[in-house]
Colleague: 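Can you keep this structure in mind? I'll have questions shortly.
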Amino acid sequence: MRQSPLVVVANRLPIDDSVAPDGAFEWRRSPGGLVSALHPLLRHTPATWVGWAGGTGPAPELPDVDGVRMRTVALNAEDFRDHYEGFANATLWPLYHDAVEQPEYHRRWWEAYQRVNQRFAEAAAEVAEPGGLVWVQDYHLQLVPGLLRALRPDLRIGFFLHVPFPPPELFMQLPRRSELLRGMLGADLIGFQRAQAAHNFAQLAAKVLGLSATDRRIGVDDRVVRIGAFPVAIDTAEMAALAARPEVADRARRLRQDLGQPEKVILSVDRMDYTKGIEQRLKAYRELLASGDVKVRDTVLVQVAVPSRDRVGQYQILRDRVEHQVGRINGEFGRVGEPAIHYLSQPFDRAELVALYRVADVMAVTPLRDGMNLVAKEYVAARVDGTGALLLSEFAGAAAELEQAYLVNPHDLDGLKQGLLAALRAGPEDVAARMRAMREHLAHNDIHAWAASYLSALEESGSLVGRRPAPR
Ligand code: ADP
Ligand code: G6P
């Protein structure tokens with residue numbers, strides 16, 4: 001196996017196996033913020049991406065994707081159930097998102113988490129060049145930094161958490177809290193989306209492990225681990241270039257016609273996840289239709305909700321509830337040929353998604369809790385004509401940067417309705433001024449700036465005292 005100077009380790013590879021409409025087997029870019037952030041970044045760099053290709057069979061051999069080497073890690077049916085669906089997505093995911101759904105704790109899941117983390121660490125150890133840089137991603141792999149350091153003390157190791165890191169009172173619920181903290185502290189630099197998350201982590205390192213910790217540095221054995229906030233971003237220029245393509249503009253015009261040339265199009269694009277606030281948003285929309293503040297002929301709502309983690313109970317329940325709600329609203333308020341909500345539970349290619357962004361007068365992004373939310377940033381970057389109103393939850397990481405959005409608390413139904421009406425009724429000057437400021441921010445704070453700031457902090461971090469030569 002050839003080795004690389006840069007290795008990214010993430011549960012998911014940037015491509016997913018899927019079956020095309022004609023029945024043929026194809027590889028497609030996987031939906032989700034982590035892949036959207038890292039994929040444009042790594043293109044054409046001599047890097048290896050260690051990850052899982054979806055499915056529970058043996059690890060497939062994959063060709064390079066845009067010049068990046070793929071090193072697949074296999075999950076068998078038990079790993080998939082207990083590591084991916086279990087500890088990662090039914091323990092950590094809900095706990096880290098304010099416990100908006102109840103986290104579940106099972107000892108068997110923890111065993112699978114350890115086992116799978118070990119497998120990822122071994123794969124990374126195999127493909128990293130001596131003295132190379134390994135960048136471990138997200139909550140599925142929190143033990144990898146520590147395990148990898150034990151295998152390869154010569155490496156520089158970074159860890160980045162794409163999701164929120166919870167306050168101590170929630171994290172303290174975790175039966176294996178100290179092992180998880182220790183695992184992350186195997187890194188030289190731990191990056192979070194927000195400064196509050198780094199603060200939470202430092203408090204826990206002091207409280208649970210008795211370490212000396214500030215919001216920037218933590219002393220562990222003979223090393224210093226740096227921590228900090230690095231809000232993840234998108235490839236702003238690439239998104240704008242795609243949005244400006246004539247065929248995308250044409251597609252947006254046709255979509256508007258297909259939607260019946262309404263005065264206003266509202267769009268939401270989410271993975272079908274209970275953190276995204278889909279039910280609350282639909283409820284607010286239903287009340288606006290019922291009160292007559294919004295009329296079906298003038299306004300349409302397009303809800304894209306791509307199925308996600310669809311064997312996990314909480315996700316199945318959510319999907320049923322959302323689809324029931326959509327059916328009910330369309331039954332009550334739609335007319336023949338004029339549904340109140342256009343509901344699409346399909347993955348789309350980038351050009352189609354961007355055409356949808358271009359057609360949306362209002363983009364409603366109202367998660368109950370979200371590490372960042374790249375959809376909000378993609379929408380702003382795609383509005384190349386400077387129009388469009390962003391309705392954004394205060395509880396998305398993106399709200400710390402996109403302060404000119406129409407900010408709402410999605411738990412407050414009346415506030416959500418008022419925010420939506422404000423975005424729908426805003427004057428063109430107000431909308432343009434807000435959009436200009438947000439586009440300006442994203443022009444400077446793009447994915448390349450994010451990577452450069454993280455990687456230069458990683459270069460500077462880590463005490464070289466503890467670094468040893470690569471084993472032969
Ligand atoms: P999360 O990471 O929780 O899914 P983000 O908003 O940060 O949330 O990222 C979602 C990413 O997935 C975005 O890049 C978005 O464009 C992409 N995406 C969302 N829905 C779809 C879909 N139906 N088809 C293809 N890509 C999608
Ligand atoms: C979020 C997580 C990612 C994950 C993505 C899609 O963005 O932070 O780690 O890849 O959701 O979820 P999935 O379970 O399909 O990988």
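Atoms within a ligand are numbered from 1 in the order they appear, just like the ligands themselves.
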Colleague: Can you tell me which residue and heavy atom of the protein come closest to atom 23 (N) of ligand 1, and the distance to 0.1 Å?
Modeller: Q346 O, 2.9 Å
Colleague: Can you give me a line-by-line list of nitrogen or oxygen pairs between ligand 2 and the protein shorter than 3.5 Å?
Modeller:
residue	atom	partner	partner atom	Å
ligand 2	7 (O)	G33	N	3.4
ligand 2	8 (O)	D138	OD2	2.6
ligand 2	9 (O)	D138	OD2	2.5
ligand 2	11 (O)	R309	NH2	3.2
ligand 2	12 (O)	R309	NH2	2.9
ligand 2	14 (O)	Y84	OH	2.5
ligand 2	14 (O)	R309	NE	2.8
ligand 2	14 (O)	R309	NH2	3.4
ligand 2	15 (O)	R12	NE	3.1
ligand 2	15 (O)	R12	NH2	3.1
ligand 2	16 (O)	R12	NE	2.6

Colleague: Just which atoms of ligand 1 are under 4.0 Å from any heavy atom in Y357?
Modeller: 16 (O)
Colleague: What are the atoms of ligand 1, with element, lying closer than 4.0 Å to any heavy atom of V304?
Modeller: 23 (N)
Colleague: What distance separates R71 CZ from W49 CH2, expressed to the nearest 0.5 Å?
Modeller: 15.5 Å
Colleague: With heavy-atom distances below 4.5 Å as the criterion, would you say the side chains of R115 and H83 are in contact?
Modeller: no
Colleague: For ligand 1, does D273 get within less than 4.0 Å through its side chain, its backbone, both, or neither, judged by non-hydrogen atoms?
Modeller: neither
Colleague: Taking only heavy atoms of N373, which atoms of ligand 1 are found under 4.0 Å from at least one of them?
Modeller: 6 (O), 7 (O)
Colleague: Could you name the option among R350, K276, R271, E378 that has the heavy atom nearest to atom 8 (O) of ligand 1?
Modeller: K276
Colleague: If you have a sec, work out which protein heavy atom is nearest atom 25 (C) of ligand 1 and how many Å separate them, to one decimal?
Modeller: F348 O, 3.1 Å
Colleague: Given that the side chain starts at C-beta and the backbone is N, CA, C, O, which of these parts of V375 lies under 4.0 Å from ligand 1, counting heavy atoms, or is it both or neither?
Modeller: both
Colleague: Minimum heavy-atom separation for T236 and L442, please, with both atom names.
Modeller: OG1-O, 2.8 Å
